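Before any comments, here is the structure.
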Number of protein chains: 2
Amino acid sequence: MSTPDLTAALAATHDIWMRTNDLLTQALAGHRLTPATFQALWALDPDEQPPSMKVMAERLYCNAPNLTFITGQLVERGLVERAVDPQDRRSRVMVLTPEGRRVRAELLRTALEVTPLAALSGEELRSLTALLGRVARPA
Amino acid sequence: MSTPDLTAALAATHDIWMRTNDLLTQALAGHRLTPATFQALWALDPDEQPPSMKVMAERLYCNAPNLTFITGQLVERGLVERAVDPQDRRSRVMVLTPEGRRVRAELLRTALEVTPLAALSGEELRSLTALLGRVARPA
DNA sequence: TCCATTGCTTCGAGACTTGAAGCATTCACG
DNA sequence: CGTGAATGCTTCAAGTCTCGAAGCAATGGA
């Protein structure tokens with residue numbers, strides 16, 4: 001393992017995310033969203049079963065009270081609804097509203113437009129995805 | 001450009017940084033530091049001329065009041081000192097203290113140990129660094 | 001000299017994050 | 001079955017982070 005390469009890769013990873021976030025700020029503000037709420041919105045895949053709070057907290061590397069707060073913001077903005085999981089009535093699942101799906105798709109599209117990663121060619125992107133996929137948490 | 005690849009790459013980038021941060025939390029707490037203060041500490045290269053607040057704010061994608069706050073935290077913990085730039089007495093530069101250098105080196109080492117990127121082989125890391133270096137801000 | 005600009009800080013407000021404590025539901029065990 | 005431990009989420013209080021507006025000192029151009 002090469003320390004300089006590892007350092008550079010980690011720094012670049014961080015920088016790319018921060019820059020993407022920075023370039024996304026205006027678009028988020030247009031929906032009264034912030035990086036934290038967008039991240040949660042992004043983590044809600046419209047094509048999967050609505051995840052529980054517990055699952056979402058793990059997905060976002062945050063704790064339960066934090067997710068309660070973030071979810072409250074999304075509910076307040078009409079993008080998400082809470083529902084009781086019939087399988088376990090202690091559990092609450094996060095359900096995208098139609099507006100939530102719309103906003104999520106729009107912002108995700110914008111994120112892909114502004115991210116510095118968009119400068120890579122198709123082939124470079126495939127290599128990158130392959131490398132990162134080996135170490136990132138399985139989606 | 002392939003949208004799924006771009007989406008996956010951006011998500012992986014974010015995930016890797018968040019996970020690294022998560023795994024680093026304990027080590028940071030040992031020095032009463034947080035992700036925000038660590039990020040600032042990391043951005044202070046001991047081998048370069050001490051950067052001005054303005055330069056650091058750009059480097060960290062934050063605004064001036066925010067950096068003033070973060071710098072205050074680092075100064076309070078004895079890791080950084082403020083100094084007047086003799087070239088322009090309006091400007092303040094951030095100088096690492098000896099303790100600051102020590103803590104920075106220690107935490108950077110820990111970060112490289114815990115980051116998921118450490119699982120990649122030397123050759124994979126070289127490829128990754130080459131790809132990311134093409135789009136990340138020049139260090 | 002004058003005053004617009006620049007670099008930083010202060011201030012006030014809002015957003016985020018956390019641990020401790022509380023509530024309802026589920027589960028294990030007798 | 002009952003009963004208590006464990007689980008999932010929320011509330012609360014406190015602290016951290018982030019931002020825009022306003023202020024101060026230094027600089028620089030007319």
Side-chain angles (χ1 to χ4, degrees), chain A residues 14 17-19 21-26 28-43 50-77 79-95, chain B residues 14 17-18 21-22 24-26 28-43 50-77 79-95:
Chain A
H14 180 210
W17 175 252
M18 290 299 286
R19 192 129 58 100
N21 237 1
D22 188 52
L23 297 171
L24 206 51
T25 301
Q26 284 201 359
L28 294 181
H31 294 284
R32 308 206 341 276
L33 292 177
T34 62
T37 42
F38 170 59
Q39 181 184 336
L41 193 59
W42 189 358
S52 69
M53 302 290 280
K54 179 186 173 59
V55 167
M56 279 293 284
E58 285 164 4
R59 207 174 277 183
L60 299 173
Y61 302 101
C62 75
N63 58 16
N66 192 353
L67 185 59
T68 293
F69 174 81
I70 297 294
T71 303
Q73 304 272 338
L74 291 173
V75 169
E76 200 174 73
R77 281 153 185 69
L79 306 179
V80 160
E81 285 175 354
R82 295 179 215 253
V84 174
D85 179 355
Q87 307 303 309
D88 183 342
R89 297 173 38 71
R90 290 171 301 186
S91 183
R92 302 283 179 275
V93 294
M94 298 179 62
V95 185
Chain B
H14 180 211
W17 175 250
M18 290 299 286
N21 237 1
D22 189 51
L24 206 50
T25 300
Q26 284 202 359
L28 295 181
H31 294 283
R32 305 199 351 272
L33 292 177
T34 62
T37 42
F38 170 59
Q39 181 184 337
L41 192 60
W42 189 358
S52 70
M53 301 290 280
K54 178 185 173 59
V55 166
M56 278 293 283
E58 285 164 2
R59 207 173 277 184
L60 299 173
Y61 302 102
C62 74
N63 58 17
N66 192 352
L67 185 59
T68 293
F69 173 81
I70 297 294
T71 302
Q73 304 272 339
L74 292 173
V75 169
E76 199 174 73
R77 281 154 186 68
L79 306 180
V80 160
E81 285 175 353
R82 296 179 214 253
V84 174
D85 179 356
Q87 307 303 309
D88 183 342
R89 297 174 39 70
R90 289 170 301 185
S91 184
R92 301 283 178 276
V93 294
M94 297 178 64
V95 185

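Computed over heavy atoms, backbone and side chain alike; hydrogens, waters and symmetry mates excluded. Computed from a prediction, not measured in an experiment: that's the story for all the values here. Each chain gets a letter, A, B and so on, in the order the sequences are listed, and its residues count up from 1.
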Between B/Gln87 and D/dT27, is there a side-chain N or O to OP1/OP2 distance below 4.0 Å?
no
Got a second to check how far A/His14's NE2 is from B/Met18's CE, nearest 0.5 Å?
10.0 Å
Nearest-angstrom distance from the residue atom CG of B/Asp22 to C1' of C/dT17:
13 Å
N or O in side chain of A/Asn66 less than 4.0 angstrom from C/dT18 OP1/OP2
yes
Does A/Asn63 have a side-chain nitrogen or oxygen under 4.0 Å from the phosphate oxygens OP1 or OP2 of C/dG19?
yes
Using whole Å, what does the distance between atom P of nucleotide D/dT16 and atom CD of B/Gln39 come to?
18 Å
Value in whole Å for how far the P atom of C/dT18 lies from CZ of B/Arg32:
18 Å
I'd like a list of close polar pairs between nucleotides 6-10 of chain C and the protein, N/O only, cut-off under 3.5 Å.
from: C/dT6; atom 1: O4'; to: B/Arg90; atom 2: NH1; distance (Å): 3.4
from: C/dT6; atom 1: O2; to: B/Arg90; atom 2: NH1; distance (Å): 2.9
from: C/dG7; atom 1: OP2; to: B/Lys54; atom 2: NZ; distance (Å): 3.4
from: C/dC8; atom 1: OP1; to: B/Met53; atom 2: N; distance (Å): 3.1
from: C/dC8; atom 1: OP1; to: B/Ser91; atom 2: OG; distance (Å): 3.2
from: C/dC8; atom 1: OP1; to: B/Arg92; atom 2: N; distance (Å): 3.2
from: C/dC8; atom 1: OP1; to: B/Arg92; atom 2: O; distance (Å): 3.2
from: C/dC8; atom 1: OP2; to: B/Lys54; atom 2: N; distance (Å): 2.6
from: C/dT9; atom 1: OP1; to: B/Arg82; atom 2: NH1; distance (Å): 2.6
from: C/dT9; atom 1: OP2; to: B/Thr68; atom 2: OG1; distance (Å): 2.6

B/Tyr61 OH to D/dC17 P, in whole Å, measures 20 Å
For A/Cys62 and A/Asp85, find the nucleotide of DNA chain C closest to each by heavy atoms; which residue's nucleotide sits nearer the 5' end?
A/Cys62
Residue B/Glu81 excluded, over 12 heavy atoms near CD under 6.0 Å
no
Figure out the CG/C1' separation between B/Asn21 and C/dT17, and round it to whole Å.
13 Å
Stepwise, does the side-chain contact (heavy atoms from CB on, under 4.5 Å) test hold for A/Phe38 with A/Leu24?
CA-CA 10 Å; A/Phe38 170 59; A/Leu24 206 51; 3.5 Å; yes
Using side-chain contact (heavy atoms from CB on, under 4.5 Å), reason through B/Thr37 and B/Leu79 one step at a time and then give a plain yes or no.
CA-CA 10 Å; B/Thr37 42; B/Leu79 306 180; over 6 Å; no
Would you tell me whether A/Thr68 and A/Thr71 have side-chain atoms, one donor and one acceptor, within less than 3.5 Å of each other?
no
Closest approach of A/Asn21 to A/Pro35 (non-hydrogen atoms, all atoms of both residues):
ND2-CB, 3.5 Å
Distance, rounded to the nearest Å, where A/Met94 contributes CE and D/dG8 contributes P
17 Å
Report the distance from atom CG of B/Leu33 to atom P of D/dG15, rounded to the nearest whole Å.
18 Å
Should B/Val93 and B/Val55 count as side-chain neighbours, where that means a heavy-atom distance under 4.5 Å?
no
